[in-house]
Amino acid sequence: MPAQKIETGHEDTVHDVAMDFYGKRLATASSDSSIKIIGLSNSASQHLATLKGHRGPVWQVAWAHPKFGSILASCSYDGQVIIWKEGNQNDWTQAHTFNDHKSSVNSIAWAPHELGLSLACGSSDGNISVFTATADGGWDTTRIDQAHPVGVTSVSWAPAMAPGALVGLGLLDPVQKLASCGCDNTVKVWKMYNGIWKMDCFPALQMHSDWVRSVAWAPNLGLPKSTIASASQDGTVVIWTCAKEGEQWEGRVLKDFKTPVWSVSWSLTGNLLAVADANNVTLWKEAVDGEWQQVSVVEPQT
C-alpha cells in the first residue's frame, strides 16, 4: 500500500492520530485545542468535521468499538476528558465531559469491548480514573489514586480473554487489567478485585532510568503468556513477559535507540510492534528463538 499524505488542517502540532475500527476515518489531536475527523479513501482524504471543546492542547483521541455506536474520546492539557457522539453523519456533539482530574490528562484507552463501554484515563495529577457507561445513560467511576505520584503518562488495557483461555469456551469472566507507566520510571500492572483496583505486580516493573512515555499490552489470542511493551525517555524499549498468571514479570531490552522513545503500539494480532522514537518509526517481530528483529522502517513521505 503506497504511503498517502494527509493534510490535517491543524494550526499547530499534531500529537495523536487514531484510525476507526473500519479504517475509513482518522481522528487527529492537536495543540490547537481541536480534533479533526478525516475520511479516507484509496487515493484521497477529506475533512469531515472539527470538534472544539477543549481549552488546551489535545494529547490523545480514541475510538470506541462500533458496537457502542460512533463514539470518540479525547483528553487534554486542560484536565478534561470529553466523550463525543456522532448523531447524523459527521454531526458530533459532546455527550459527556469528565472533570475528575486536577491537571493534564495525558492518556486514554477504551477497554476491550467485552468489558462494556469503559475508558481508562491517566493524568499528571498521579491518578488513573476508569469511567464505565451504565444502562441508564450515566457513568460509574473507579479510581487508582496516586498510581504514579509524579504523573501518569500512558495507560493500556490487557486483553479481556484470560491468558491461556481457548476462544469460544465462554466459561471465564473477562479479565479487567490495566498497565500504566509514568514519570517515576516504572511500569505497573493493576487488576480489578471486587470493584477495587489493586496492584498486580510486585514490585513495580523497573528497568528504565527515566520517564516511561508509553506502555502497550499485546493482544494474546489465547496464549498463556502475557506481553507488555514500554518506551522511555532513556532511549530504550523493554518487552515485559509473564509466563502465566501469578508469576513474576520478566523484562528484556528490545533495543537502546539512543534517543527518547515516544510511543509503542502492537498490531491487532500482537506479533508486530511499532516503535516511534524522535527520528523514526520502526517495526519489530519476535523470532522463534525469542530474539526481537527489526523488520522495517516506516519512511516518512516528503
Any sub-3.5 Å donor-acceptor pair from T50's side-chain atoms to K36's backbone N or O? no
Let me check something: do L26 and W63 share a hydrophobic cluster, defined by ILVMFWY side-chain heavy atoms less than 4.5 Å apart, either directly or through other members? no
Flag yes if V155 and V130 sit in one hydrophobic cluster, no otherwise; membership is Ile, Leu, Val, Met, Phe, Trp, Tyr, and two members link when side-chain heavy atoms are under 4.5 Å apart. yes
Taking the six-membered ring for Trp and the full ring for Phe, Tyr or His, determine whether the centres of W139 and F98 are under 6.0 Å apart. yes
If we ignore hydrogens and angles and just use 3.5 Å, is the side chain of D78 paired with the main-chain N or O of R55 as donor and acceptor? yes
Going by atom types only, do S107 and W59 share a side-chain donor-acceptor pair under 3.5 Å? no
Rounded to the nearest 0.5 Å, how far apart are OG1 of T93 and CG of L51? 9.5 Å
Counting only heavy atoms from other residues, nucleotides and ligands, does the tally under 6.0 Å from CG of N194 exceed 12? no
Taking atom types as modelled, is there a side-chain donor on S230 or W240 under 3.5 Å from an acceptor on the other? yes
When rounded to the nearest 0.5 angstrom, what is the spacing between NE2 in H101 and OG in S129? 2.5 Å
Tell me whether the count of non-hydrogen atoms from other residues, nucleotides or ligands lying under 6.0 Å of CG in D136 goes above 12. yes
Shortest non-hydrogen contact from V61 to S74? CG1-CB, 4.0 Å
Could you tell me which residues satisfy side-chain hydrogen bond (donor to acceptor under 3.5 Å, both in side chains) with T28, sequence neighbours excluded, listed by chain and number? H10
Atom OG of S263 and atom CD of Q60: how far apart are they, to the nearest 0.5 Å? 8.0 Å
Charged N to carboxylate O below 4.0 Å: is that the case for E245 and K225? no
Between the OG atom in S76 and the CG atom in N106, the distance rounded to the nearest 0.5 Å is 10.0 Å
Show your reasoning for whether side chain to side chain contact (heavy atoms under 4.5 Å, CB included) applies to T153 and C183. CA-CA 7 Å; T153 49; C183 308; 4.0 Å; yes
Taking atom types as modelled and ignoring hydrogens, do the side chains of S226 and N220 form a donor-acceptor contact shorter than 3.5 angstrom? no
In short, A274 meets L283 closest at the heavy-atom pair CB-CD2, 3.6 Å
Are there more than 12 heavy atoms of other residues, nucleotides or ligands under 6.0 Å from atom NZ of K85? no
Same cluster or not: are F131 and W157 linked, directly or through other Ile, Leu, Val, Met, Phe, Trp or Tyr residues, by side-chain heavy atoms under 4.5 angstrom apart? no
Between T186 and H208, is there a side-chain donor-acceptor contact under 3.5 Å, judged purely by atom types and distance? no
Strictly by modelled atom types, are S103 and S124 linked by a side-chain donor-acceptor pair under 3.5 Å? no
Report yes or no: does K188 contribute a side-chain atom to a donor-acceptor pair with the main-chain N or O of A147 at less than 3.5 Å? yes
Please report the interatomic distance CG(L72) to CD1(I37), rounded to the nearest 0.5 Å. 5.0 Å
State whether the number of non-hydrogen atoms from other residues, nucleotides or ligands found under 6.0 Å of N99 atom CG is greater than 12. yes
Looking at H113 versus F68, is the centre-to-centre ring distance below 6.0 Å? no
Starting from W249, can I reach M207 by hopping between I/L/V/M/F/W/Y residues whose side chains sit under 4.5 Å apart? yes
For K244, does the NZ atom have more than 12 heavy-atom neighbours from other residues, nucleotides or ligands under 6.0 Å away? no
When hydrophobic residues are tied together by side-chain contacts of less than 4.5 Å, even through go-betweens, does W190 share a cluster with L115? yes
Examine distances only and state if a side-chain atom of Q146 and a backbone atom of D125 form a donor-acceptor pair shorter than 3.5 Å. yes
I'd like a table of donor-acceptor pairs (distance under 3.5 Å, sequence neighbours excluded) in which one partner is a side-chain atom from residues 195-203, with atom names and distances.
residue, atom, partner, partner atom, Å
W197, NE1, T142, OG1, 3.0
D200, OD1, Y193, OH, 3.2
D200, OD2, K177, NZ, 3.0

If you measure from CD1 on I6 to CG on L40, what distance do you get to the nearest 0.5 Å? 5.0 Å
Does any N or O in the side chain of T97 come within less than 3.5 Å of the main-chain N or O of I82, such that one atom is a donor and the other an acceptor? no
E86 and R25: CA distance, side-chain angles, deciding distance, side chain to side chain contact (heavy atoms under 4.5 Å, CB included) verdict: CA-CA 13 Å; E86 186 181 29; R25 293 186 293 180; 3.0 Å; yes
Any idea which heavy atoms bring D289 and E291 closest together, and the distance? OD1-N, 2.9 Å
Just by distance, do the side chain of T134 and the backbone of G138 share a donor-acceptor pair under 3.5 Å? yes
Mind checking who shares a hydrophobic cluster with W266, ILVMFWY linked at side-chain heavy-atom distances under 4.5 Å? V237, I239, L254, F257, V261, V264, L273, V275, W284, W292
